[in-house]
Amino acid sequence: MSGAAPLWTALLVPVLLLAFGYGAAAGTAALRARAAGTAPEAGLTAPARESARLLVQRRRTIPGADTLLWRLGGALVPVAAVLAALVVPLGPTAVSDLSVGVVWFNAMEVLIWAALWMLGWGADSAWGLVGGYRFLVQGLSYELPHMFALTTAALGAGSLRVSDVVAAQDQVWFAVLMPVAFAVYLLSALAMAFWGPFGTPVGRDLAGGAAAELSGVDLLVLRAGRYMFLAVVAAMAVPLFLGGGAGPLLPGWAWTLAKTAGVVALLVWLGHRLPAVRMDRFTEVAWVVLVPLTLVQALVVAVFVLTR
Amino acid sequence: MAETVVFAVCAVGAVASGAAVFVVDSMARATFALLASFLLTAVAVLLLGLSYLGVLVILMMVMEMMVMAVFMIMYMMNPAGLMPMTMVHNKVGSLVVSAGVFLLLAAGAVLVPWPERTGEPPADPTRALGEAVMGEHMLVMMLVGLVLFATMVAATVLTTHRGRYDRYGDDLRRERPDDPIGGGLGR
């Protein structure tokens with residue numbers, strides 16, 4: 001049922017990610033507008049207007065900045081999102097159906113650690129530096145539960161290949177079979193896209209944190225990259241936990257897109273509703289509560305797989 | 001052919017970025033030069049068909065180097081990385097030693113008469129490699145892993161200067177521990 005698509009489909013990946021990213025940005029703007037009591041329809045064009053503004057804004061240069069690392073950090077965010085998306089199947093086919101697709105996805109999303117730290121460091125700004133270090137603490141907090149959630153999905157399928165994980169869900173979705181792993185995955189999806197409650201590395205209390213000194217096209221690349229990252233972690237939830245392209249009537253690719261849109265909408269809504277989380281608090285919650293929870297979840301799934 | 005080109009680019013790149021660690025004057029750049037060297041080496045591992053190991057090297061090295069960057073910048077002699085620094089003391093001596101070691105190892109790799117391949121590569125080289133390295137000592141290896149982990153936890157517990165008497169009082173009667181950082185569970 002699965003296979004590797006022709007190479008040109010790799011060009012489709014950034015287009016789709018940008019489309020979902022635009023949707024996430026527009027949804028956020030609409031929710032904010034509604035909360036502020038203005039017309040939410042204006043939110044639909046807000047990302048386009050903001051992008052145009054950033055494109056004509058002058059780029060900031062800073063004396064003493066480590067320009068190489070600074071620019072590299074910003075560019076790495078969208079690049080990591082696209083690289084991670086290469087193993088996400090659209091319907092039955094992915095650009096590359098690696099035998100270790102789940103590990104590849106994890107390795108590419110971890111690049112965001114380096115990206116944000118470089119952004120924070122390179123700007124030669126105390127706010128940026130604090131933001132970069134804040135994200136490292138965040139990474140150390142969410143990454144272990146996140147890895148156990150990914151491992152549990154792979155364990156349920158007995159394979160690290162994403163198409164095998166999808167095939168293993170033809171009876172029951174993994175979101176039903178392993179709800180704790182699914183919930184932890186969604187939580188860590190918010191955290192790795194430094195989105196919503198986990199947005200403190202670029203938070204207002206740090207005057208923008210790792211993004212404090214960015215302006216113009218550099219800020220546009222970071223923001224677009226962040227929404228693309230949100231889109232790719234949402235898209236990966238579909239093959240891992242929501243049965244991939246399985247569904248009645250519609251073809252597989254349509255179901256994949258519909259489910260991805262649903263997860264993106266959920267993440268955007270959660271990001272809008274939840275208050276900011278302080279990392280010194282979340283670290284203890286992650287290590288004392290989430291790690292044991294995901295370990296027990298993995299144990300339960302392992303026993304289920306063995307006795308099936 | 002394509003494999004040879006990729007290997008050559010990655011090999012030269014890995015050595016060059018490894019050398020860059022000792023050339024650049026900022027600890028942050030040294031960290032990322034070292035990371036680039038590791039990532040290029042991971043591509044060489046991928047070329048061997050060891051896809052799991054190669055991707056794992058990328059994953060672990062990025063995480064590890066980011067944690068290491070914190071400590072490298074904290075410990076090294078350029079406070080906050082803002083002052084120029086160098087990784088090398090005794091420049092001439094270290095250059096001679098490192099060039100000598102590199103030539104020795106490279107000569108070993110080039111001059112050793114490697115055996116011809118007989119038979120086919122296995123279907124899953126990662127599994128074959130694991131069995132060749134560990135074989136019937138799998139149980140020992142797993143125990144060693146546990147012992148190593150226990151050592152790390154024990155070392156952390158021993159180095160932290162706050163014990164349970166600091167947290168729960170001299171008679172351990174305090175309801176909630178007195179911690180400098182609150183933590184999220186309200187304990």
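Throughout, a chain's letter reflects where its sequence line sits, starting with A, and its residues are numbered from 1. Worth knowing before you read on, the calculation uses all heavy atoms, side chains too, and leaves out hydrogens, waters and symmetry mates.
When heavy atoms are compared at a cutoff of 4.5 Å, A:T283 does not approach chain B at all. In this structure, chain B has a heavy atom under 4.5 Å from the side chain of A:L136, while its backbone stays farther away. With a 4.5 angstrom heavy-atom cutoff, B:Y52 touches chain A via backbone and side-chain atoms both. Heavy-atom distances place the side chain of B:V67, and not its backbone, under 4.5 Å from chain A. For a residue to count as touching a neighbouring chain, one of its non-hydrogen atoms must lie under 4.5 Å from one of that chain's; by this rule A:V277 does not touch chain B. Residue contact with chain B, scored on non-hydrogen atoms closer than 4.5 Å, is absent for A:M279. A:L98 does not touch chain B: none of its heavy atoms, backbone or side chain, sits under 4.5 Å away. The contact between A:L140 and chain B is made entirely by side chain atoms (from C-beta outward), counting heavy-atom distances below 4.5 Å.
In the displayed structure, B:M141 atom CE is contacted under 6.0 Å by more than 12 heavy atoms of other residues, nucleotides or ligands. A 6.0 Å sphere centred on CH2 of A:W70 holds more than 12 heavy atoms belonging to other residues, nucleotides or ligands. No more than 12 heavy atoms of other residues, nucleotides or ligands sit less than 6.0 Å from atom CZ of B:R127. No more than 12 heavy atoms of other residues, nucleotides or ligands lie within 6.0 Å of CZ in A:R273, so this atom counts as exposed by the packing criterion.
Ranked by non-hydrogen atom pairs under 4.5 Å with chain B, the options A:L111, A:D66, A:L72, A:V103 are led by A:D66.
Qualifying salt bridge (Lys or Arg N to Asp or Glu O under 4.0 Å) partners for B:D171, counting only residues two or more places apart in sequence or in other chains: B:R173. B:D166 meets the salt bridge (Lys or Arg N to Asp or Glu O under 4.0 Å) test with no other residue; sequence neighbours excluded.
Residues B:I73 and A:W117 share a closest heavy-atom pair of CD1-CH2, 3.4 Å. Closest heavy-atom contact between B:V70 and A:Y133: CG2-CE2, 3.6 Å. In plain terms, the two heavy atoms of A:V110 and B:L59 that are nearest each other are CG2-CD1, 3.5 Å.
Here A:E143 contributes atom CD and B:M66 contributes atom CE; the two are 13.0 Å apart, rounded to the nearest 0.5 Å.
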